[in-house]
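Some notes on the structure that comes next.
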Amino acid sequence: MEYNFREIEKKWQAKWKETGLYKTEIDNNRPKYYVLDMFPYPSGAGLHVGHPLGYIASDIYARYKRQKGFNVLHPMGYDAFGLPAEQYAIQTGQHPAITTEQNVNRYREQLDKLGFSFDWDRSFKTSDPDYYKWTQWTFIQMFNSYYCNQANQARPISELAEAFAANGTEGLDVAQTKPLEFTAGEWNAASEKEKQEILMNYRLAYLADSWVNWCPKLGTVLANDEVVNGLSVRGGYPVERKLMKQWILRVSAYAERLLQGLDKVEWTDSLKEIQRNWIGRSEGAAVWFPLANPEKPDWKKIYMGCYEGVKNEMAFEIFTTRPDTIFGVTFMVLCPEHEMIETITTPEQKAEVEAYVTWAKNRSERERQAEVKKVSGVFTGAFAINPITEERIPIWVSDYVLSDYGTGAIMAVPAHDSRDFAFARHFNLPIRQVVAPAIDEVSNPDTWEESMDSKTGVCVNSGFITGMPVKEAGKAVIAKINDMGIGYGTVNYRLRDAIFSRQRYWGEPFPIYYKDGMPYTVPENELPVVLPEVDQYLPTQTGEPPLARAKGWTWNGYPREYSTMPGFAGSSAYYLRYMDPKNDKELVSKEADEYWQNVDLYVGGAEHGTGHLIYARYWNKFLFDIGVSCKDEPFQKLINQGMIQGRSNFVYRIVGTNKFVSLNLRKEYETTPIHVDINIVNNDVLDIEAFRNWMPDFKDAEFILENGKYICGWEIEKMSKSKYNVQNPDDLVEKYGADTLRMYEMFLGPVEMAKPWDTNGIEGVSRFIRKFWKLYFDGEGNFSVSDDEPTKGEWKSLHKTIKKIEEDNERFSFNTAVSAFMICVNELQEAKCRKRAILEPLCILMSAYAPHITEELWSLLGHEESILKATYPTYNEQYMVEDEYLYPVSFNGKMRLKMSFPASFGPKDIEPKVLESADVQKWLDGKTPKKVIIVPKKIVNIVF
RNA sequence: GCGGAUGUGGCGUAAUGGUAGCCGCGCCAGACUUAGGAUCUGGUGGCGUAAGCCGUGGGGGUUCGAGUCCCCCCAUCCGCACCA
C-alpha cells in the first residue's frame with residue numbers, strides 16, 4: 001500500500017472530530033497540564049509557515065503529556081477585536097464582525113489541516129458578548145478597588161471610604177495618582193460628587209487627565225507599548241503628546257510584584273530582562289528643594305518655614321538615584337510641563353520661558369526623540385535652595401527632563417551625570433566634582449571631556465559625607481534628609497499606568513455611564529453591555545468616538561462612556577476563561593480554577609514581552625487579589641518561538657536591458673537584483689519558462705546561463721508578499737502532507753531560534769516519513785508485521801530512541817528528536833526489522849509529531865482505540881548493555897586511535913593493555929607517558 | 001549609550017567538560033531506467049598523492065582534556081533608549 005497522506009489525514013481528522021477525541025474535562029484522578037498558545041489575531045492574510053511553528057511545538061508537547069498520563073488542557077481561540085478589521089470597515093463599510101468572522105473561518109480551516117489536538121469546544125473570540133461580559137466585569141472590579149501598600153494587594157474601595165470617614169488621610173499608604181491630605185471631618189462634609197472625585201485618585205481603574213500618545217491618523221490614543229520611535233505600531237503613523245481625560249489602569253501599583261514575580265517563573269533570561277527594563281526599578285531619594293524667593297533674599301526664613309504644610313507652594317519635590325552627589329548640585333531643571341513654571345518665572349524671563357515651553361510642548365514625540373542629543377533649555381530667573389548645602393541655585397526648564405518620570409523635576413549634578421554635564425557645558429553653568437576614585441584624586445572639571453558617571457568611588461567636597469564611599473554616603477544623606485523632614489528614601493519605577501481608553505469602535509464597550517459628570521458602573525446583572533450598531537465607524541462631527549453615533553444608546557437616559565477598551569483588555573484573562581468557557585455565572589468557577597490553576601506551558605512570540613505579557617500578569621494578579629484566580633502568576637513556563645524568516649531569491653538584470661545574468665557571472669556586468677517568486681525557483685535554479693510567464697515585463701527576457709542553468713542569488717529577509725518569499729502552509733500540506741510539514745518545521749532547528757525557511761529541505765523529511773511507513777509493509781506493499789523476537793541490535797535501536805525522545809521532549813528539543821527518529825528508522829530499515837515489538841512502541845513515540853500516519857498504522861496494527869490513549873513506552877536500560885566498549889585513545893587530548901575493551905574493565909585493567917599496544921608505542925615515539933587518564937566508558941587520554 | 005542573545009562545512013544544524021560536524025539539504029560518483037526534479041548505493045570540513053597537518057568569529061586563561069567554563073575584543077540580531 002502506498003503512503004497516501006491526503007486520504008489518511010482527511011480520514012483521521014474527520015474521525016477525531018466525530019469522536020471528540022480532544023475534548024477535555026476536569027478529572028481529579030489525573031494530574032492536569034495546561035498547554036497554551038498565544039492568542040492569535042486572525043488577520044486577513046491567513047497563516048504563513050512561521051505561524052504554526054509554535055502551535056506544532058505545543059501540540060507535540062500536549063500530545064506527549066497526554067500519553068504520559070496527564071489530563072491536558074489545550075485550547076485555542078481568537079483575539080478578535082482590533083484595528084485592522086475596523087480600518088477595513090471604515091474603507092468598505094463592511095461591519096468588522098463580518099470581516100472578523102471570515103478571517104476566523106480561514107484560520108480555523110488552516111489550523112484544522114495541520115492536525116492539532118485543540119479542544120475546540122472551549123473556543124471563543126474576544127468579540128463574543130458572552131466572553132467580553134467578563135472583561136467588563138473585571139473592569140468594574142478594578143474600578144471598585146484600590147491598592148493597599150500595607151496589605152500589598154487590591155482591596156475594595158468601600159474600605160477606603162470607611163477609613164476616610166474615620167481618619168481622613170492620616171496614615172494612608174496606598175497607590176494614588178497624587179498625594180492628597182484631608183481630615184475625617186473634611187471627608188464627611190464633602191458632597192457626593194466631591195467624594196467620587198477623591199476616590200478617583202485611588203481606584204485601580206480610574207479616569208484622569210493625563211498626557212497621552214495621541215495618534216491623529218488612527219483617531220485614538222495608544223499605550224506606550226503600541227508606540228515605537230514616535231510612530232504607531234499599527235500603521236506607522238505619527239503620535240503626539242496630548243492632555244486628555246482617559247480611563248487608566250493603575251498597573252504601576254503592581255510594579256514591585258510584577259518584578260518579584262519574574263523570579264518565580266521559568267521564562268528565558270532575555271524576556272525576564274526585557275520586563276525588568278520595562279518595569280525599570282530605581283532606588284533613590286525624594287528630596288524637597290525650597291524655592292529661594294528672589295524678593296526675599298533671606299531665604300533661610302522661607303527654608304525654616306516651608307516644610308510645614310506648604311510644600312507644594314514653596315518647594316519642588318525631585319527624585320534622584322544619587323543622593324550621595326547632593327553636594328554637587330549646581331542647578332535644577334524642570335520639565336516643560338511642570339506646574340510651577342508659571343508661578344516662579346521672573347517677569348524678565350517670562351517671554352523667553354513661554355516661548356520655550358510652547359515650542360517644547362508642541363514638538364512631536366518623534367522630533368523630540370530624534371534630537372535627543374541637541375541641548376535646549378531656558379532659565380526661569382528663579383532660584384532654589386539646596387537644602388543640604390544651603391546654596392542658592394538657578395532653576396532651568398528643559399525637555400531633557402520628562403514629565404512622567406519621577407516628579408518632572410531634577411537636581412542637576414553636572415559632574416556626575418552625562419545629561420546634566422552636556423546641559424551645563426552648553427549654558428556655561430558651574431560643574432563641581434563631588435565623587436572621585438580616591439580622596440586625593442580630584443581633578444579640575446573644566447578639563448573634562450565628559451562627566452564621571454561612575455557608581456563607585458568616594459565623596460569629595462561634600463561636607464559631612466566627604467571621604468565616604470558613595471553607597472554609604474547615599475544612605476547617610478537619606479538619613480539626614482529624613483531627620484530634617486525634607487525627604488525620604490524611595491523607589492521609582494519606569495512602568496507607567498496603562499491608558500485604557502480607545503476612541504474606536506471595534507472593542508469592548510465600557511460598563512460605565514455618567515451622572516452629574518461623574519462615572520458610575522452599570523449594574524453587574526446588566527452585563528454584558530453589548531457593542532451597539534452605528535451608521536459609520538468614524539468619530540462624530542464634534543470629535544466624539546464612533547459609539548456616540550449609536551442611536552438611543554444610554555443607560556436609563558444617562559450618557560454612556562463612548563470609548564472602547566484596547567486590544568489587551570480581551571487578551572488579559574482569556575487563559576482563565578478557557579478553564580470554564582461556558583460559565584455564565586462567573587468568569588471561571590472555583591472548581592475549574594483550582595483544578596487547572598495556571599498555564600504550565602505558554603508558547604508564543606517574543607514581541608509580546610512588554611505588552612500582553614505585562615498586562616496579563618497585572619490582570620491576573622488583580623484577579624488573584626480578589627480571589628478569582630488561585631495563582632498569582634498566570635504563565636509558569638514560557639517558550640518564545642523564533643521567527644521564521646523568508647529566503648528570497650534574486651535574478652540579476654543587466655542595467656538598461658531585459659537580459660538576466662546567472663549569479664556567478666554577474667560580476668562582469670552592471671546589474672540590478674530583482675526579487676523573483678520562490679515558487680518558480682528550485683534549489684536556486686530558475687525555471688526560465690515560468691519566469692517568462694510570471695510577469696508581462698519578462699515575456700521576452702533573455703538569459704546568460706552558467707552550465708546551462710540560471711542560478712539565482714538568495715538572501716534571508718522577513719517573509720513578505722512584496723519580496724515574493726511567502727511560504728503558505730496549505731500548499732505544503734497539499735504537496736507533502738501535514739505530518740511531513742509538522743516534522744519539517746521542528747527539524748529546522750531549536751524552536752526558540754530565528755531561522756530561515758528553506759523549502760528544499762522538506763524533501764528529506766518527506767523521504768523519511770515514507771521510509772518510516774515502509775517499515776510496516778513487505779516487499780509487495782502488504783501491511784505485514786511479525787511477532788518475532790527482535791535482535792539485540794533492534795532492541796537497542798528502539799530503547800536508545802525511547803530515551804532520546806523522552807529527554808528531547810522534556811527539554812523542548814524537537815529538532816534533535818526528529819533526527820533521532822531518522823536515525824532509528826535508518827537502523828531498522830538496515831536491519832529489515834518488521835517486528836511488532838519494535839514498531840509498535842516506535843509508532844507511539846512518533847505519534848505526537850506525526851499524528852495522522854501513526855494513527856493509521858496503529859489501526860492497521862489492530863488497535864481499536866486512538867494512539868493518543870496508548871501507554872507511552874518505558875526505557876529499559878538492560879537493552880543498552882554492551883559487552884565491549886570502543887575507547888577513543890587520545891594523546892595530550894587529541895584523539896589518535898581506538899581500542900576496544902570489555903565493558904567490565906576498569907582503569908587498572910585498561911592501562912597496561914593500552915601502553916603495551918604497538919600503535920600507542922608508535923604515537924609515544926619513545927617518550928614516557930607522564931600520566932594516563934582513563935574514564936570508564938568514555939575515554940583514554942595519555943599525557944606525555 | 002545600556003541590556004540580552006547568537007557566532008561550528010556551501011546551507012539548516014548536532015555534540016551530560018571526554019572521538020567536532022550526528023541528522024537533513026545541496027553537491028559529486030555509481031546503479032536501475034525511454035526519461036528524471038523518481039528510487040537505491042557510495043562519497044562529501046579545509047590543505048595534502050600520502051603519512052599527516054589545520055580546523056567551532058579573534059586573542060588570552062582554567063583543565064589530563066574546551067565548541068562547551070572564565071576574562072578581553074570583534075561581528076550580527078533583538079529589546080530599551082534623555083527614566084535623573
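All values below were derived from every heavy atom in this structure, side-chain atoms included, with hydrogens, water molecules and symmetry-related copies excluded. In this text the structure is predicted, and so the values were computed from the model without any measurement.
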What I'd like to find out is whether the side chain of A:S376 reaches to under 4.5 Å of the side chain of A:D399, using heavy atoms alone. yes

Residue A:S282, side-chain atoms from C-beta onward, closest of B:A14, B:G18, B:A84: B:A84

Suppose you measure atom C1' in B:G58 against the same atom in B:G3; what distance do you get, rounded to whole Å? 24 Å

Considering every strand and a 4.0 Å limit on heavy-atom distances, what is the contact class for A:I410: base, sugar-phosphate, or nothing? base

Just how far, in rounded Å, is P of B:G17 from NZ of A:K894? 21 Å

Rounding to a whole Å, what distance do you find between A:E607:CD and B:G79:P? 10 Å

Are the ring centres of A:W757 and A:Y744 closer than 6.0 Å? yes

So what does A:V935 touch, heavy atoms closer than 4.0 Å: a base, only the sugar-phosphate, or nothing? base

Side chain of A:Y400: nearest nucleotide among B:C23, B:C80, B:C82? B:C82

Centroid-centroid under 6.0 Å between A:F331 and A:F423 rings: yes

Can a salt bridge be assigned to the pair A:K803 and A:E807 using a cut-off of 4.0 Å between side-chain N and carboxylate O? yes

Within the 4.0 Å heavy-atom criterion, would you say A:K898 contacts the bases, only the backbone, or no part of the nucleic acid? base

Please work out if A:M411 contacts a base, only the sugar-phosphate, or nothing of the nucleic acid, heavy-atom cut-off 4.0 Å. nothing

Between A:W278 (CH2) and B:A81 (C1'), how many Å, whole number? 11 Å

Give one of base, sugar-phosphate or nothing for A:I274, where a contact means two heavy atoms less than 4.0 Å apart. sugar-phosphate

Distance-only polar pair, side chains of A:E317 and A:T407, donor-acceptor under 3.5 Å: no

How would you label the contact of A:R811 with the nucleic acid (heavy atoms, under 4.0 Å): base, sugar-phosphate, or nothing? sugar-phosphate

Nearest whole angstrom, please: distance from the C1' of B:C23 to the CD1 of A:I762. 16 Å

Any side-chain N or O of A:N815 less than 4.0 Å from the OP1 or OP2 oxygen of B:A14? yes

Rounded to whole Å, the CZ-C1' distance (A:R494 to B:G3) equals 12 Å

A:L271 side chain reached by A:L613 side chain, heavy atoms, under 4.5 Å: yes

Between B:G24, B:A81, B:C53, which nucleotide has the shortest distance from any of its atoms to the side chain of A:M822? B:G24

Closer than 4.0 Å, any side-chain N/O of A:R767 to the OP1 or OP2 of B:C25? yes

With sugar-phosphate meaning primed atoms plus P, OP1 and OP2, does A:R281 contact a base, only sugar-phosphate, or nothing at under 4.0 Å between heavy atoms? nothing

Closer to the 5' end of RNA chain B via nearest nucleotide, is it A:L748 or A:K709? A:L748

For A:V401, report the nucleic acid contact type (base, sugar-phosphate, nothing); a contact means any heavy atom under 4.0 Å. base

Any carboxylate oxygen within less than 4.0 angstrom of a Lys/Arg side-chain nitrogen, looking at A:E827 and A:K796? no

Between A:S819 and A:T816, a side-chain donor and acceptor under 3.5 Å: no

If the plane angle is over 60° it's perpendicular, under 30° parallel, otherwise tilted; pick one for A:W396 and A:F427. tilted

Between B:C64, B:G3, B:U19, which one does the side chain of A:P888 approach most closely? B:U19

Could you give the CZ-to-P distance, from A:F423 to B:A84, as a whole number of Å? 18 Å

Looking only at the side chain of A:Y405 (C-beta and beyond, no hydrogens), which of the listed nucleotides B:C64, B:A84, B:C54 gets closest? B:A84

For RNA chain B, produce a single dot-bracket line, 5' to 3'. Pairs: Watson-Crick or G-U wobble, both distances under 3.5 Å. Symbols: ( ) within strand, [ ] crossing, | other strand, . unpaired. (((((((..(((.....[....)))((((((.......))))))(((....)))..(((((..]....))))))))))))....

Determine whether any donor atom in the side chain of A:N760 lies under 3.5 Å from an acceptor atom in the base of B:C25, or the reverse, and answer yes or no. no

Base, sugar-phosphate alone, or nothing: which one does A:N826 contact when heavy atoms must sit under 4.0 Å apart? sugar-phosphate

Note: for A:L886 and A:K922 on RNA chain B, the residue whose nearest nucleotide lies more 5' is A:L886

Any idea which of B:G37, B:G18, B:G3 is nearest the A:I939 side chain? B:G18

Do NZ/NE/NH1/NH2 and the carboxylate oxygens of A:E273 and A:R276 come within less than 4.0 Å? yes

Distance between the P atoms of B:G52 and B:A38, in whole angstroms? 39 Å

When we call it a touch if two heavy atoms are under 4.0 Å apart, what does A:R276 touch: a base, just sugar-phosphate, or nothing? nothing

Separation of the C1' atoms in B:G60 and B:G48, to the nearest angstrom: 31 Å

So which nucleotide from B:G12, B:U19, B:C64 ends up closest to the side chain of A:K755? B:G12

Any idea which of B:C80, B:C64, B:A84 is nearest the A:D417 side chain? B:A84

Assess the side chains of A:N809 and A:Y849: does a donor N or O sit below 3.5 Å from an acceptor N or O? yes

Nearest listed nucleotide, side chain of A:R770, among B:A81, B:U39, B:U41: B:U39

What nucleotide, of B:G4, B:U39, B:C82, holds the atom closest to the side chain of A:D399? B:C82

Separation of B:A51 P from A:R896 CZ (nearest whole Å): 13 Å

With syn defined as a glycosidic angle within 90° of 0 and anti as the rest, where does B:G61 land? anti

Nucleotide B:G24, atom C1' - distance to NZ of A:K771 in whole Å: 10 Å

Check every strand shown and say whether A:I933 touches a base, only sugar-phosphate, or nothing at a heavy-atom separation below 4.0 Å. base

